[in-house]
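Just so it is clear, the structure is predicted and the values come from calculations on it, not from any experiment. Within every chain, numbering begins at 1; the chains are lettered A, B, ... in the order of the sequence lines, protein sequences first and strands thereafter.
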Amino acid sequence: METSRPLDALNNARNKRVIVELKNGKQFIGNLVAFDIHINTVLDNAEERENGETKRQLGKLFIRGDTIIFIAPQD
Amino acid sequence: METSRPLDALNNARNKRVIVELKNGKQFIGNLVAFDIHINTVLDNAEERENGETKRQLGKLFIRGDTIIFIAPQD
Amino acid sequence: METSRPLDALNNARNKRVIVELKNGKQFIGNLVAFDIHINTVLDNAEERENGETKRQLGKLFIRGDTIIFIAPQD
Amino acid sequence: METSRPLDALNNARNKRVIVELKNGKQFIGNLVAFDIHINTVLDNAEERENGETKRQLGKLFIRGDTIIFIAPQD
Amino acid sequence: METSRPLDALNNARNKRVIVELKNGKQFIGNLVAFDIHINTVLDNAEERENGETKRQLGKLFIRGDTIIFIAPQD
Amino acid sequence: METSRPLDALNNARNKRVIVELKNGKQFIGNLVAFDIHINTVLDNAEERENGETKRQLGKLFIRGDTIIFIAPQD
Amino acid sequence: METSRPLDALNNARNKRVIVELKNGKQFIGNLVAFDIHINTVLDNAEERENGETKRQLGKLFIRGDTIIFIAPQD
């Protein structure tokens, strides 16, 4: 019932829609395809959002982990 | 009675409500679910606060450790 | 059908056209020739873009991985 | 009589009141409970100070080491 | 025909004229003499450029790798 | 007669008065008590200086190495 | 005739006058006494320069490597 390591939470979010917020203030939404211990992250069907509106469609997207602030699964 | 290593303090805060303050000035409050040696942190029932007011509800939240300034358990 | 590690997504994009967005806001488009675990990346037929317009032609280009925000394959 | 390694100085300050100054200019004062080689630091009875005045009481506080500029024991 | 690792591209550029662009916006042009895995780079007959004009002649130049955005061989 | 490694220069400055200049522009002067390979540094009888004037007395001071630009022994 | 590794170039500059330019824009000139793989560098007879003029004499100077942009030997 309890997740004991941070990456377990990401593992549970695989193939689900997640919000990824970056250090430069950008926000991406997409399906979580893959991640690693550096939090390098791959999204599919990704789009960039700004103030709740879609700014551009990006399809598949590799994000370098060190630019990420948080990843929030959307239920 | 004494905590000798920093991560012991986080361990004692598991499943408790904590404030997480980030380098970009953002503040999140949630239940501490998990953390690792990089201070990657997972909160549950997380919300973003600004000037003491709830800005948005985020549910489960994975925060990359290198964006964190401090974690303060709320008693 | 599923990519399980982030670098697999980059591997699938080899020899294809990708957009590389940097932390300083610059955007490069080119053919993905090579990358490593630091996300050091080599593009061929690279050009710098600004607001959707080509700013300069750079030919072959070695980009240091820690300056990269994301790499998006163009289908 | 002489301290030969930097962490010895922190060790001597355990359970004593210390000032911790952060890279973002914030200043915390509290009892030094724990620290590690990354200078991750735990304070107890911590308070945030601004221009010599208490801004908020934080109780127990885990500070990520890479945000710290200096730690000064108060005699 | 294909370069499979990023440093191969730099290896092919040895003794050739390259543009090195830094995170602070500066641009150096010189003959690539040496580089290592940190992308620490040595140029010979180096000059600093600004808006396409030579700003100063620097001769031999050791550049710390973590300040580099990209290296582009000039054909 | 010659110092061959950088830390030898710091070793020769032990128990001597040094200027430590930080990335945020602050300047500390004190007796060099200890340092390590990260350049974490402990000063005794430390004071903060601004424009050549003492701003505050800090006594013993642990400075995190990654905040330091340079250490200059005062002869 | 050819230098194959970047640190060889620094090794050839030992005991010679070098310009060291820092990320904060400061420029130091001095005799290169020592350096290591982190590019931690010790200068002797060092002076700080601004717009080609000497701003202050610093004598012996230990510079933390991660603050350095480039080191240029002066012939």
Side-chain angles (χ1 to χ4, degrees), chain A residues 1-55 61-75, chain B residues 3 5-51 53-74:
Chain A
M1 204 79 171
E2 194 196 12
T3 305
S4 64
R5 294 169 305 172
L7 298 199
D8 292 341
L10 293 184
N11 218 28
N12 291 337
R14 259 183 212 268
N15 302 316
K16 292 185 191 153
R17 208 103 185 121
V18 298
I19 305 175
V20 180
E21 198 159 294
L22 303 191
K23 288 177 182 165
N24 68 358
K26 287 193 178 179
Q27 203 177 65
F28 296 98
I29 297 185
N31 296 325
L32 182 61
V33 173
F35 63 88
D36 62 20
I37 55 162
H38 307 293
I39 322 302
N40 292 323
T41 297
V42 175
L43 300 182
D44 206 352
N45 295 322
E47 50 184 74
E48 190 180 338
R49 289 268 183 92
E50 211 173 61
N51 302 320
E53 282 175 43
T54 300
K55 210 179 130 190
L61 188 66
F62 172 94
I63 305 174
R64 200 173 191 271
D66 75 322
T67 67
I68 292 175
I69 292 180
F70 71 72
I71 300 176
Q74 298 210 278
D75 299 308
Chain B
T3 306
R5 293 169 306 172
L7 298 199
D8 292 342
L10 294 184
N11 219 28
N12 290 337
R14 258 182 213 268
N15 302 316
K16 292 183 190 155
R17 207 102 186 122
V18 297
I19 304 175
V20 179
E21 199 159 294
L22 302 191
K23 288 177 182 165
N24 68 357
K26 287 193 179 179
Q27 203 178 66
F28 295 98
I29 296 185
N31 297 325
L32 182 61
V33 173
F35 61 89
D36 61 21
I37 55 162
H38 308 291
I39 322 303
N40 292 323
T41 298
V42 175
L43 300 183
D44 206 352
N45 294 321
E47 50 184 74
E48 191 180 337
R49 289 268 183 92
E50 212 172 62
N51 302 320
E53 281 175 43
T54 300
K55 209 179 129 191
R56 56 176 165 168
Q57 301 286 348
L58 283 153
K60 188 156 279 188
L61 188 66
F62 172 95
I63 304 173
R64 202 174 189 270
D66 75 322
T67 67
I68 292 175
I69 293 180
F70 71 71
I71 299 176
Q74 298 209 279

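Contacts of Leu22(B) with chain A are made by side-chain atoms alone, with heavy-atom separations under 4.5 Å and no backbone atom involved. Looking at Asn24(B), only its side chain comes within 4.5 Å of chain A, counting heavy atoms on both sides. Heavy atoms of Glu21(A) lying under 4.5 Å from chain B belong exclusively to its side chain. Neither the backbone nor the side chain of Lys23(B) comes within less than 4.5 Å of any heavy atom in chain A.
Residues of residues 62-72 of chain B that come closer than 4.5 Å to chain A, counting heavy atoms only, are Phe62(B), Ile63(B), Arg64(B), Asp66(B), Thr67(B), ordered by residue number.
Minimum interatomic distance between Val42(B) and Ala9(A) (heavy atoms only, all atoms of both residues): CG2-CB, 3.7 Å. Nearest approach of Arg5(A) to Ala34(B), heavy atoms of both residues: C-CB, 3.6 Å.
Asn45(B) is linked by a side chain to side chain donor-acceptor pair (under 3.5 Å) to nothing, counting only residues two or more places apart in sequence or in another chain.
No side-chain heavy atom of His38(A) sits less than 4.5 Å from a side-chain heavy atom of His38(B).
Summarising the local packing, CD of Gln57(B) is surrounded by more than 12 heavy atoms from other residues, nucleotides or ligands at distances under 6.0 Å.
The side-chain contact (heavy atoms from CB on, under 4.5 Å) with Pro6(A) is formed by just one residue from the set Thr41(B), Asp36(B), Val33(B), Ile39(B); it is Asp36(B).
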